[in-house]
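The block underneath contains the structure these notes are about, expressed in structure tokens.
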Amino acid sequence: MGYKKGLVLLGLTLLMSSCLSLTLVAAGGGGDFYRDFDLVWGDNRAKIFNGGNLLSLSLDKTSGSGFQSKKQYLFGRIDMQLKLVAGNSAGTVTAYYLSSEGATHDEIDFEFLGNVSGQPYILHTNVFTQGHGNREQQFYLCFLVDNTPIRVFKNAESMGVPFPKNQPMRIYSSLWNADDWATRGGLIKTDWAHAPFTAYYRNFNVNPISSATSPFSDDASWQANEIDANSRRRLRWVQKYFMIYNYCNDLKRFPQGLPIECKRSRV
């Protein structure tokens with residue numbers, strides 16, 4: 001995800017089968033899991049090792065696990081590489097997201113819904129502003145690309161739609177069982193014979209942007225990072241061939257009319 005001037009950009013790089021790199025936006029230091037993150041639940045199922053360079057989360061029949069960043073973030077860029085649960089991951093969810101706190105929180109979600117062996121993960125995304133979400137888009141993760149944007153959430157404040165630009169957010173991630181809904185709507189359950197299920201994290205890095213050159217200023221160096229024509233083409237390609245759900249097309253869900261930001265959702 002990236003905060004560009006007037007939009008939120010969600011970016012994805014698939015590194016190998018079930019191993020991918022997410023690009024998110026924030027501000028702060030970077031590079032050491034011991035220094036930058038707290039293991040917040042799951043007892044010893046969450047681990048930091050290799051001198052602080054690697055982190056793992058595990059799920060068994062008793063519990064999942066999770067971590068969160070020590071700092072809160074607003075402007076800049078975060079890189080994190082994730083290796084998702086390999087093999088039969090049906091029923092599991094690996095969540096990776098940014099969130100502020102409180103009833104009117106902002107949140108940007110990536111949730112990786114597991115599947116049976118040989119079938120692709122589904123990437124579930126959502127954007128919350130001022131406590132309001134219901135902006136889901138879903139994609140099959142069955143393409144091999146570098147630095148391909150998958151979703152843009154444009155600034156529609158002029159139309160009365162809040163935009164996540166004021167509330168610093170922490171990074172959160174968790175691995176948990178959701179076999180009541182995650183895979184084919186809950187028809188396929190978690191096969192505990194394959195437990196423990198483990199996801200890995202590495203290469204956390206942060207490139208901060210000061211408030212003086214925020215994405216909402218006219219700073220030329222930031223504007224140079226705006227999504228370009230080639231990225232727009234790749235974004236449309238992903239959305240045409242791999243998107244399987246878009247709330248902006250769900251007339252049954254919104255019989256009184258689609259959310260107002262859907263009127264300007266085209267990149």
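For the pair F33 and N53, the minimum side-chain heavy-atom distance is 4.5 Å or more. In this structure the side chain of T183 never reaches within 4.5 angstrom of the side chain of L113, judged on heavy atoms. Counting heavy atoms from C-beta outward, D38 and R170 have side chains that stay 4.5 Å or more apart. Between K70 and R35 there is no side-chain heavy-atom pair separated by less than 4.5 Å. Between T94 and F197 the shortest side-chain heavy-atom distance does not fall below 4.5 Å. Side-chain contact between I150 and F110: present, with at least one pair of heavy atoms (C-beta onward) separated by less than 4.5 Å. Taking the side chain as every heavy atom from C-beta outward, L39 and L55 approach each other to under 4.5 Å. Counting only heavy atoms from C-beta outward, the side chains of K71 and V206 never approach each other to under 4.5 Å.
A donor-acceptor pair under 3.5 Å links the side-chain atoms of S100 to the main chain of D106, judged by distance alone. A distance-only check finds no donor-acceptor pair linking the side chain of S89 to the backbone of G114 [under 3.5 Å]. Between the side chain of T129 and the backbone N or O of P164 there is no donor-acceptor pair closer than 3.5 Å. Judged by distance alone, with hydrogens and angles left aside, the side-chain atoms of N126 form a donor-acceptor pair with the main-chain N or O of R135 at under 3.5 Å.
To the nearest 0.5 Å, atom CE of residue M169 and atom CD of residue E101 are 12.0 Å apart. One finds the CG atom of L141 at 5.0 Å from the CG atom of L123 (value rounded to the nearest 0.5 Å). A distance of 9.0 Å separates OH of Y34 from CZ of F49, quoted to the nearest 0.5 Å. Here the OG1 atom belonging to T190 is positioned 8.5 Å from the CG atom belonging to N88, to the nearest 0.5 angstrom. Annotation: the span from E111 atom CD to Q138 atom CD amounts to 9.5 Å, rounded to 0.5 Å. Taken to the nearest 0.5 Å, the CG atom of L175 stands 9.5 Å off from the CG atom of N177.
The shortest non-hydrogen separation linking V93 to A178 is CG2-CB, 3.7 Å. When every heavy atom of G87 is checked against every heavy atom of S117, the shortest pair comes out as C-OG, 3.3 Å. Here the closest heavy-atom approach between residue F153 and residue F163 is recorded as O-CE1, 3.5 Å. Nearest approach of P149 to S231, heavy atoms of both residues: CG-O, 3.6 Å. Residues S65 and R45 come closest through the heavy atom pair OG-O, 3.6 Å. Nearest heavy atoms, K165 versus E157: NZ-OE1, 3.2 Å.
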With side-chain contact (heavy atoms from CB on, under 4.5 Å) as the test, would you mind laying out the steps for N134 and Y247 before giving the verdict? CA-CA 8 Å; N134 296 327; Y247 76 108; over 6 Å; no
Do V238 and R234 pass the side-chain contact (heavy atoms from CB on, under 4.5 Å) test, and can you show the C-alpha distance, the side-chain angles, and the key distance before you say yes or no? CA-CA 6 Å; V238 169; R234 288 184 293 160; 5.6 Å; no
Check against side-chain contact (heavy atoms from CB on, under 4.5 Å), Y121 and N115: CA-CA 6 Å; Y121 270 83; N115 214 333; 5.9 Å; no
Please lay out, stage by stage, how S173 and L57 fare under the test side-chain contact (heavy atoms from CB on, under 4.5 Å). CA-CA 9 Å; S173 190; L57 297 179; 4.1 Å; yes
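Shown are L98, I108, D109; of these, the side chain to side chain contact (heavy atoms under 4.5 Å, CB included) with F128 is made only by D109. Residue N246 is tested with Q137, Q239, R151 for a side-chain hydrogen bond (donor to acceptor under 3.5 Å, both in side chains); the sole match is Q137.
By the rule that hydrophobic residues join a cluster once side-chain heavy atoms approach within less than 4.5 Å of another member, V116 and Y140 end up as members of separate clusters. I188 and W181 fall into different hydrophobic clusters, where Ile, Leu, Val, Met, Phe, Trp and Tyr residues are linked whenever their side-chain heavy atoms come under 4.5 Å apart, directly or through other members. Y245 is connected to L251 through a chain of hydrophobic side-chain contacts under 4.5 Å among Ile, Leu, Val, Met, Phe, Trp and Tyr, so both are in one cluster.
Note: F67 and F37 have perpendicular aromatic rings, judged against thresholds of 30 and 60 degrees for the angle between ring planes. Between W237 and Y241, the two ring planes are tilted [angle within 30° to 60°]. The aromatic rings of Y73 and F204 are tilted relative to each other, their planes meeting at an angle between 30° and 60°.
Residues satisfying the side chain to side chain contact (heavy atoms under 4.5 Å, CB included) test with T198, not counting sequence neighbours, are S56, S58, Y200. Remark: H124 engages no residue in a ring pair (Phe, Tyr, Trp, His ring centres under 6.0 Å) (not counting sequence neighbours). For N203, the side chain to side chain contact (heavy atoms under 4.5 Å, CB included) criterion is met by Q81, not counting sequence neighbours.
Taking the six-membered ring for Trp, F242 and F139 have ring centres at least 6.0 Å apart.
Heavy atoms from other residues, nucleotides or ligands lying under 6.0 Å from CZ of R253 number more than 12.
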